[in-house]
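Scroll down for the structure; my scribbles are underneath it.
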There are 2 protein chains.
Amino acid sequence: MKQCSKERLAAFDAACRRRGLRLTPQRLEIFRTLAAATDHPTAEQLHERLQRKMPTLSLDTVYRTLATLTQHELVNKVDTVESQAHFEVQEDSHHHLICHQCREISDFAWPLIDDFQLPEEVKSWGEVNRKSVTVYGICRKCRGKR
Amino acid sequence: MKQCSKERLAAFDAACRRRGLRLTPQRLEIFRTLAAATDHPTAEQLHERLQRKMPTLSLDTVYRTLATLTQHELVNKVDTVESQAHFEVQEDSHHHLICHQCREISDFAWPLIDDFQLPEEVKSWGEVNRKSVTVYGICRKCRGKR
DNA sequence: CTAGCTGCAAAAGATTTGCATGTCC
DNA sequence: GGACATGCAAATCTTTTGCAGCTAG
């Protein structure tokens with residue numbers, strides 16, 4: 001398991017202060033553990049991993065913290081096929097349109113992408129069946145309401 | 001609400017027969033309603049919509065049918081940020097790697113995509129915050145096991 | 001006829017919430 | 001000190017499952 005850099009922790013600290021979020025030990029550990037993970041753990045997995053270092057940490061706090069950090073865009077919820085959500089620290093960059101506000105899903109076509117070659121890296125990962133782009137934003141309807 | 005074409009229903013019928021799936025009235029109605037929908041309904045929404053036409057249809061059957069049809073690739077589960085899954089009929093074509101077998105999620109970079117211009121269509125939809133590509137397939141590890 | 005479906009009810013799993021207590025700022 | 005966080009337990013919500021009866025092929 002890789003370690004979470006001091007820079008990243010400092011950035012987290014700063015981001016919390018800027019937004020008026022309290023920097024509790026729980027939040028710090030949850031973030032640190034998530035940042036150190038490479039496998040997109042679930043809330044439950046994170047809770048398990050934190051047992052040793054922080055035996056009193058409750059699963060609800062993990063859920064709540066992840067929700068809060070996701071809201072503040074410090075953590076990103078990975079979209080999965082399963083109902084159980086997976087989380088990851090928001091990295092800078094790593095065919096559905098989904099509106100953050102109303103949650104409505106629309107389709108769009110992007111033929112250029114379908115023909116586009118995936119990077120080499122992916123070929124070594126395994127056998128690809130399907131690629132799908134998801135675009136997030138605020139739809140025109142909701143945009144008008146604000 | 002648009003209607004489900006006879007051609008599509010015939011194709012559904014054929015696909016079921018080919019795969020040895022029974023063509024029950026419930027399955028037919030669920031498929032017809034899903035195909036006619038443009039809003040990616042949830043199992044519950046579909047169930048509600050079918051109440052009038054088929055009052056005895058149970059929610060479990062909707063869940064089970066959607067699961068079966070998804071397995072047979074006649075229906076597609078849309079990945080969402082929320083825990084509640086949304087479904088859609090599998091249309092022709094429409095930065096995470098997800099293995100269908102072990103469900104492991106890996107990351108990959110695809111800088112070309114980040115710079116790539118989204119289609120016009122999307123601009124009229126609203127304000128875009130983020131686009132993310134999800135690639136599904138079988139990873140090397142699982143590939144070896146079969 | 002019979003393997004595969006359906007409905008019902010109950011279980012399971014994930015996530016959220018109310019409330020009392022604790023603690024960062 | 002006071003607003004915000006946490007922990008606990010209980011509630012809620014979604015989805016799955018066991019079982020008995022039904023039905024498409």
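Each chain gets a letter, A, B and so on, in the order the sequences are listed, and its residues count up from 1.
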Whole angstrom is fine here: how far is it from [atom1] in [X] over to [atom2] in [N]?
{"X": "A:Glu44", "N": "C:dT16", "atom1": "CD", "atom2": "C1'", "answer": "14 Å"}
{"X": "A:Phe31", "N": "D:dA5", "atom1": "CZ", "atom2": "P", "answer": "17 Å"}
{"X": "A:His47", "N": "C:dA14", "atom1": "NE2", "atom2": "C1'", "answer": "14 Å"}
{"X": "B:Glu29", "N": "C:dC5", "atom1": "CD", "atom2": "P", "answer": "18 Å"}
{"X": "A:His72", "N": "D:dC4", "atom1": "NE2", "atom2": "P", "answer": "11 Å"}
{"X": "A:Leu66", "N": "D:dT6", "atom1": "CG", "atom2": "P", "answer": "11 Å"}
{"X": "A:Leu28", "N": "D:dT6", "atom1": "CG", "atom2": "P", "answer": "11 Å"}
{"X": "B:Arg19", "N": "D:dG25", "atom1": "CZ", "atom2": "P", "answer": "16 Å"}

*Where along residues 53-61 of chain B does a heavy atom fall under 4.0 Å from DNA chain C?*
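Close to the strand are B:Thr56, B:Leu57, B:Ser58, B:Asp60, B:Thr61.
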*Would you call A:Leu66 and A:Leu46 a side-chain contact if the rule is heavy atoms closer than 4.5 Å?*
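A:Leu66 reaches A:Leu46 side chain to side chain.
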Which residues pass the salt bridge (charged side-chain N to carboxylate O under 4.0 Å, His left out) test with [X], sequence neighbours left out?
{"X": "B:Arg22", "answer": "none"}
{"X": "B:Arg19", "answer": "none"}
{"X": "A:Glu120", "answer": "A:Lys123"}

Any residue meeting side-chain hydrogen bond (donor to acceptor under 3.5 Å, both in side chains) with [X], in chain and number order, not counting sequence neighbours:
{"X": "B:Glu7", "result": "none"}
{"X": "A:Thr68", "result": "none"}
{"X": "A:Asn129", "result": "none"}
{"X": "A:Thr24", "result": "none"}

*Over its full length, what angle do the end axes of the helix from C:dC1-D:dG25 to C:dC25-D:dG1 make, each axis taken from five pairs and the result rounded to 10 degrees?*
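Roughly 50°, once rounded to the nearest ten degrees.
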*Is any side-chain N or O of A:Tyr63 closer than 4.0 Å to OP1 or OP2 of C:dT15?*
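Checking A:Tyr63 against C:dT15: at least one side-chain N or O falls below 4.0 Å of OP1 or OP2.
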_Nucleotide-resolved protein contact map, nucleotides 19-25 of chain C, B/S/- at heavy-atom distance under 4.0 Å_ = ----BBS
*Does A:Gln45 reach the main-chain N or O of A:Thr42 with its side chain, forming a donor-acceptor pair under 3.5 Å?*
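Pair found, side chain donor or acceptor close to backbone of A:Thr42.
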*According to the interplanar angle, ranging from 0 to 90°, do the rings of A:His40 and B:His96 count as parallel (below 30°), tilted (30 to 60°) or perpendicular (above 60°)?*
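Ring orientation, 0 to 90° scale: perpendicular.
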_Tell me every residue that passes side chain to side chain contact (heavy atoms under 4.5 Å, CB included) with B:Ala15, counting only those two or more places apart in sequence or in another chain._
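In terms of side chain to side chain contact (heavy atoms under 4.5 Å, CB included), with neighbours along the sequence ignored, B:Ala15 is linked to B:Arg18, B:Leu74.
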